[in-house]
Amino acid sequence: MNIKYNYSLLSHNTFGIDVKAEEFIEFYTVEEALDLSKTLKQKKWFVIGQGSNLLFLNDFKGVVLHSGIRQMKKIKEDDQFVYFEVGSGVVWDQFVEFCVKNNWSGIENLSSIPGEVGAAAVQNIGAYGMEVQEAIEKVKAIDTATSQLMEFSKENCQYGYRQSIFKNQYKGRYILTSVVFRLSKKPNFRLHYQHLEEEVRKRGNINLQTIRETIIQIRSQKLPDFRTMGNAGSFFVNPVVSKVHFQRLQSEYPEIPHYYVSETEEKIPAAWLIEQCGWKGKQVGKVAVYAKQPLVIVNCGGASGSEIKQLAEEIQLSVKNKFDIQLQPEVNYIE
Ligand code: EPU
């Protein structure tokens, strides 16, 4: 276990916010995490991954926990699938790269997403027509209320679009230690998202490696690299609205993009709503709406968490006024 006091979180959040944690504790084994869980009862705490989906508003007056559990082991294999248990502290894209190299499919479309395995399973990361829950078999996590290691089947994780039980009912209760993935030995390409198939074909053969390379390229063209410009990817989730509401908007904006959700609901890209409100590429002080993808808010250098939050609130207000849609942040505010 590694404990630090009054510790700068600058290198632990992709927005590049310079705040401090009263305590920062990295654990390396399940046993260490179990011991730690017994000390948290009266304290304010949360678990950080790579800090790629959060915004610090202040110094954190409590304990920030970080998983250093980085084991990866094959636990089962049959004709069709290979099952891997992966520590919650493994860097997500390193695991994706490992699977692609071994020709195991199921997460290749999630290439190059910043973050770690534990957070990926909490957030149900998704991109290019794939969600991580599709490859998850189970999640192992410590219940801090009882200090016991529990196993969650995929069904018990209650996954939905950018949702899981760990973000809702059990928010702030569990510490994830590992995730068991089921990868397919027979490739099962998922290329229906926008022009993905066309782009992959430009590289010749369609295989896991060319899919991964294409996605890395698309992401690097559309999304800012947090190492040069602080950001946390999509700031908002894409809103789901009732069909009635959607039809009302469509009669006014016939070009409105949308995705089918169910007989009664449609999803609208938040990027489009934000662009329509004139925010694309706009800078306010040290904060800006990214010019190539308005769903991303960027720190132009030295911005505070509150300044970023303020711009996010202005965007929410204008989208609400123009479309009567309340955008929800995908980024977690940490007070
Ligand atoms: N759009 C605009 N203007 C723009 C950009 C996009 O109007 O400048 C509209 C277009 O209609 C476009 C649509 O938004 O077709 C969708 O854009 P894009 O394919 O870039 O995806 P997104 O819905 O904005 C989601 C995820 C991303 C993920 C991409 C690709 C959420 C909140 N975001 O973005 O995830 O990479 O799809 O699958 O669902 C992240 O979570 O950090 C993230 C980057």
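Order of appearance sets the numbers: ligands from 1, and atoms from 1 within every ligand.
Within the listing of ligand 1, atoms 40 (C), 41 (O) sit less than 4.0 angstrom from a heavy atom of Glu330. If you number the atoms of ligand 1 from 1 as listed, the ones under 4.0 Å from a heavy atom of Pro269 come out as 9 (C), 13 (C), 14 (O). Every atom of ligand 1 is numbered from 1 in the order shown, and the set under 4.0 Å from a heavy atom of Tyr259 is 13 (C), 16 (C). Per-residue contacts place Trp272 under 4.0 angstrom from the following atoms of ligand 1 (heavy atoms of the residue considered): 2 (C), 7 (O). For ligand 1, the atoms lying closer than 4.0 Å to a non-hydrogen atom of Tyr161 are 31 (C), 32 (C), 39 (O). Under a 4.0 Å criterion applied to the non-hydrogen atoms of Lys280, ligand 1 contributes the atoms 4 (C), 8 (O). Residue Arg219 has at least one heavy-atom neighbour below 4.0 Å for each of these atoms of ligand 1: 36 (O). Ligand 1 places these atoms under 4.0 Å from at least one heavy atom of Pro257: 11 (O).
Atom 31 (C) of ligand 1 has its closest protein heavy atom at Arg162 NH2, 3.1 Å. Nearest protein neighbour of atom 23 (O) of ligand 1, counting heavy atoms only, is Asn238 ND2, 2.8 Å. Protein heavy atom closest to atom 15 (O) of ligand 1, with residue, atom name and distance, is Gln194 NE2, 3.2 Å. Here the heavy atom of the protein found nearest to atom 20 (O) of ligand 1 is Gln293 NE2, 2.9 Å. Protein heavy atom nearest atom 42 (O) of ligand 1, with residue, atom name and distance: Ser234 N, 2.8 Å. For atom 28 (C) of ligand 1, the nearest non-hydrogen atom of the protein is Ala127 CB, 4.0 Å. The protein heavy atom nearest to atom 34 (O) of ligand 1 is Leu295 CD2, 4.0 Å.
When only modelled atom types and interatomic distance are considered, His245 and Glu266 share no side-chain donor-acceptor pair under 3.5 Å. If you check the side chains of Glu131 and Asn124, you find a donor sitting under 3.5 Å from an acceptor. Judged by distance alone, the side chains of Gln217 and Arg203 do bring a donor and an acceptor atom under 3.5 Å apart. Counted by atom type alone, Trp279 and Ser318 present one or more donor-acceptor pairs between their side chains at under 3.5 Å. Between the side chains of Glu26 and Tyr28, a donor-acceptor pair is found at a separation under 3.5 Å. Judged by distance alone, the side chains of Ser147 and Ser37 do bring a donor and an acceptor atom under 3.5 Å apart. Remark: the Gln163 side chain and the Asn168 side chain contain an N/O donor-acceptor pair separated by less than 3.5 Å.
The cationic group of Lys267 lies under 6.0 Å from the six-membered ring centre of Tyr161 and within 45° of the ring axis, placing it in a cation-pi geometry. Tyr83 does not carry Lys74 over the face of its six-membered ring by the limits of under 6.0 Å from the centre and within 45° of the normal.
Contact annotation for atom 10 (C) of ligand 1: protein absent (non-hydrogen atoms, distance under 4.0 Å).
Qualifying salt bridge (Lys or Arg N to Asp or Glu O under 4.0 Å) partners for Glu275, counting only residues two or more places apart in sequence or in other chains: Lys280.
The heavy atom nearest to atom 1 (N) of ligand 1, out of those in Gly115, Pro239, Ala271, is found in Ala271. The closest non-hydrogen atom to atom 2 (C) of ligand 1, taken over Glu275, Gln123, Glu131, His258, comes from Glu275. Comparing heavy-atom distances from atom 38 (O) of ligand 1 across Phe236, Phe235, Tyr128 singles out Tyr128 as nearest.
The residues Asp79 and Lys185 are annotated as not salt-bridged, no charged nitrogen and carboxylate oxygen being separated by less than 4.0 angstrom. A salt bridge does not link Glu263 to Lys243: none of the charged side-chain nitrogens sits closer than 4.0 Å to a carboxylate oxygen. With respect to Glu22 and Lys44, no salt bridge is recorded, no charged nitrogen being found less than 4.0 Å from a carboxylate O.
If you look at Tyr290 next to ligand 1, there are no close heavy atoms at all, none under 4.0 Å. Of all the heavy atoms of Tyr193, the ones lying under 4.0 Å from any atom of ligand 1 belong exclusively to the side chain.
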